[in-house]
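Labels below follow one simple rule: chain letters A, B, ... track the order of the sequence lines, proteins then strands, and each chain is numbered from 1. Just so it is clear, the values below take in all heavy atoms, side chains as well, and ignore hydrogens, waters and symmetry mates.
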Protein chains: 2
Amino acid sequence: MNRTASIKDVATHASVAVGTVSNVLNYPDRVSERTRERVLRAIDELGFVRNDAARQLRVGHSRTIGLIVLDVGNPFFTSVVRSAEDAAALQGSAVLLGDSGHDAGREANYIDLFQEQRVQGLLISPVGDVTDRLDLLRERGVPTVLVDRLADESKFSSVAVDDDAGGYLAARHLLDTGRRRLAFVGGPTSIRQVADRLEGARRAVKEEPDATLEVLDSEGQTVLAGRSVGDMLVQRGRAELPDGIFCANDLLALGVMQSLTMTHTFRIPEDVALIGYDDIDFAVSAVVPLSSIRQPTELLGRTAIELLSEEVESQNPVHRAVVFTPELVVRQSTAAPAAG
Amino acid sequence: MNRTASIKDVATHASVAVGTVSNVLNYPDRVSERTRERVLRAIDELGFVRNDAARQLRVGHSRTIGLIVLDVGNPFFTSVVRSAEDAAALQGSAVLLGDSGHDAGREANYIDLFQEQRVQGLLISPVGDVTDRLDLLRERGVPTVLVDRLADESKFSSVAVDDDAGGYLAARHLLDTGRRRLAFVGGPTSIRQVADRLEGARRAVKEEPDATLEVLDSEGQTVLAGRSVGDMLVQRGRAELPDGIFCANDLLALGVMQSLTMTHTFRIPEDVALIGYDDIDFAVSAVVPLSSIRQPTELLGRTAIELLSEEVESQNPVHRAVVFTPELVVRQSTAAPAAG
DNA sequence: GCGTTTTTTTGAATCGTTTCATTGTTACGA
DNA sequence: TCGTAACAATGAAACGATTCAAAAAAACGC
């Protein structure tokens, strides 16, 4: 009574062979209407639930896809996870989610776990440099797609967003609304994303001979880090204040905004325009709604799944690196100052 | 060459029996040092990775625990997930995470999927009323623990946080710092959490004969909803403004704060004190750091795993409903007004 | 009614582990 | 040297699904 019913129990109960039950489950139209109904009734009566381990053992692979992200709490990844799950569901797969929390050890554990589970493939936003480990996976025939990181196309497929283009968009927007003394606020430029966004901003500024770009280093990417940069700016005389600030991420921008608005000495956007990056939910509901650069996260997740499917299907894998273009979202924080 | 090595291959390669390889994997000290090393070397050379499906088929259950949450993007659940994962890892289990997104259909899919995977048990923060489905699970012998929802103790174990106590704490703190004209801001009271928090606040207010509590309904639980409640308050004359506001969640509180500070007519905490609920990351970095009620989310996740283990181990399950007490976090937004 | 084709059903073999009764080996005291 | 106990290693059986060649049943044409 305690043991869950097996396919054999169902077969007995419906007076058919086990093969027939399996066919009802997997190829319903190979089975005549009458017996199909009989089998379905038996399944229902016994409360049969297919044992996926047995199925998997026989067919050699699972119906799941592993997904390892750096931080589920980060809205960027949350959105990627959602869209990947949806895309996977459409093709009949489920997603096993792992949160490495930027920890290489946890990441390694998940990779091992997913291998033991014989996932169909792996989507990963890797912690630092894991090419060795990923090479191993490749040798063992686990198709892998890198997420939010460009990959050597001879080895892996990847999906990412063009941060250089995003940086350009943001700076170009500030310039287009008449600002000329720009500042970039961003954490350590050793982070690829930060460096690329800065590079894009530089490119835009070079297009206007009379424009300048100042780089303000921040301690990390948090609201508090933004606040201290903002405090520093407030100290300066009004004449030395930039008239357009581009922050490497929305949290920084919100921090800067808090500093500037708290003192009531500077107005946003009249005295200084402010734009962030990521377009997090808080951006729209900030004290002054924040302009930002939105990344097509849904597309990222969906495309990652698609690339993985391609690799799974084709024996002879040709890798692709897909790069998406981010999008400018204009809100009040960069509204053009009154003419004159 | 393409196929991954099996335990049999390892056995051949190391010139031992398959049982010995299995023992090396599962009971290393049943095997002599010499052969153990030999087997380990073979495993390494062949790149053997245990096939968990086969293992599971034999032993009858997996090493994974299913966890279905309402929204991974919600910091509350993110934290629960993390701690559950850590606790599970300690006892050698892994967590399969499902995000129902408040959608009963997705929830049902995950329940089915997890059943097919023969998870050891299920932690679930259910969408609406799923007692029927959960009853089914119970009959099929899948131990289940409800998260953030009290359960009929005759049927399930559960972990939750005492929202009534949290509401009391918040209101009591406002009263203790001298406020008497309190307001509660909260979404539809059909949400259990909101209703309980309000109830707790009422209890505290009744303790002070000269204190009053006004209930301000909000449209949902977002920053924007908080803003519109705040705007409404600003319209009122100063005399009619409450001197202490308790919001059912931090997002609401941040919205109210934005309204009040933007107009520069009221100061927080001098004119009005403000306290939220959940202690999200943004609370500490708000314009005026926000007091809040912290829920022991790490403890929730860990305890859920422990309760589940209890059910798994004992044949004769005795269910427990564990309720945690939330904690007051005092910050500047409720600092006592200057004496006099 | 009979031979032929098509459709349905059958059930043994298989996947890769773990388990455990059995056999083989070693160590040790008398 | 022998008997016995402790320890190691063995390998067949089992888990529950899918697969597929073969058998059985049904449908068809004449």
Side-chain ion pair, A:Arg41 and A:Asp44, N-O less than 4.0 Å =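 Salt bridge: no.
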
Ion pair check, A:Glu85 and B:Arg106, cut-off under 4.0 Å |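 Salt bridge: yes.
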
Angle between terminal axes - the helix from C:dG1-D:dC30 to C:dA30-D:dT1, 5 pairs each end, rounded to 10° |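 Terminal axis comparison yields 40°.
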
Output the rounded distance in Å from [atom1] ([X]) to [atom2] ([N]).
X: A:Gln56; N: C:dC15; atom1: CD; atom2: C1'; value: 11 Å
X: A:Asn26; N: C:dT8; atom1: CG; atom2: C1'; value: 16 Å
X: B:Asn23; N: C:dT18; atom1: CG; atom2: C1'; value: 9 Å
X: A:Lys8; N: D:dT18; atom1: NZ; atom2: P; value: 14 Å
X: A:Asp9; N: D:dG16; atom1: CG; atom2: C1'; value: 10 Å
X: B:Arg38; N: D:dA8; atom1: CZ; atom2: C1'; value: 12 Å
X: B:Asp52; N: C:dG16; atom1: CG; atom2: P; value: 14 Å
X: A:Ile7; N: D:dA17; atom1: CD1; atom2: C1'; value: 6 Å

Using a cut-off of less than 4.0 Å, is there contact between a side-chain N or O of A:Thr20 and OP1 or OP2 of C:dT10?
->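 Answer is yes, contact under 4.0 Å.
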
Is the distance from OP1 or OP2 of C:dT8 to the nearest side-chain N or O of A:Tyr27 less than 4.0 Å?
->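 No, because none of the side-chain N or O atoms of A:Tyr27 sits under 4.0 Å from OP1 or OP2 of C:dT8.
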
Proximal nucleotide (of [options]) relative to the [X] side chain:
X: A:Leu57; options: D:dG16, C:dA12, D:dA9; value: D:dG16
X: A:Ser22; options: D:dG16, D:dT10, D:dT18; value: D:dT18
X: B:Arg55; options: C:dT18, C:dG16, C:dA13; value: C:dT18

Could you tell me whether A:Ser32 contacts a base, only the sugar-phosphate backbone, or nothing, with contacts defined as non-hydrogen atoms closer than 4.0 Å?
->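 If one applies the 4.0 Å heavy-atom cut-off, A:Ser32 turns out to touch the sugar-phosphate alone, with no base involved.
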
With a non-hydrogen cut-off below 4.0 angstrom, is A:Val31 in contact with a base, only sugar-phosphate, or nothing?
->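 Result for A:Val31 = sugar-phosphate.
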
5'-most contact on DNA chain C: A:Asp29 or A:Val59, nearest heavy atom basis?
->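 The answer here is A:Asp29.
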
For atom CG of A:Asp281, decide whether the heavy atoms of other residues, nucleotides or ligands shown that lie under 6.0 angstrom number more than 12.
->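 No, the 6.0 Å shell around CG holds no more than 12 heavy atoms from other groups.
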
Among B:Ser93, B:Ser309, B:Ser62, which residue meets the side-chain hydrogen bond (donor to acceptor under 3.5 Å, both in side chains) test with B:Gln120?
->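 Going through the options one by one, the only one that passes is B:Ser93.
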
Does the base of C:dT18 carry an N or O that pairs as donor and acceptor with the side chain of B:Arg58 under 3.5 Å?
->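 It does, because a donor-acceptor pair links the side chain of B:Arg58 to the base of C:dT18 below 3.5 Å.
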
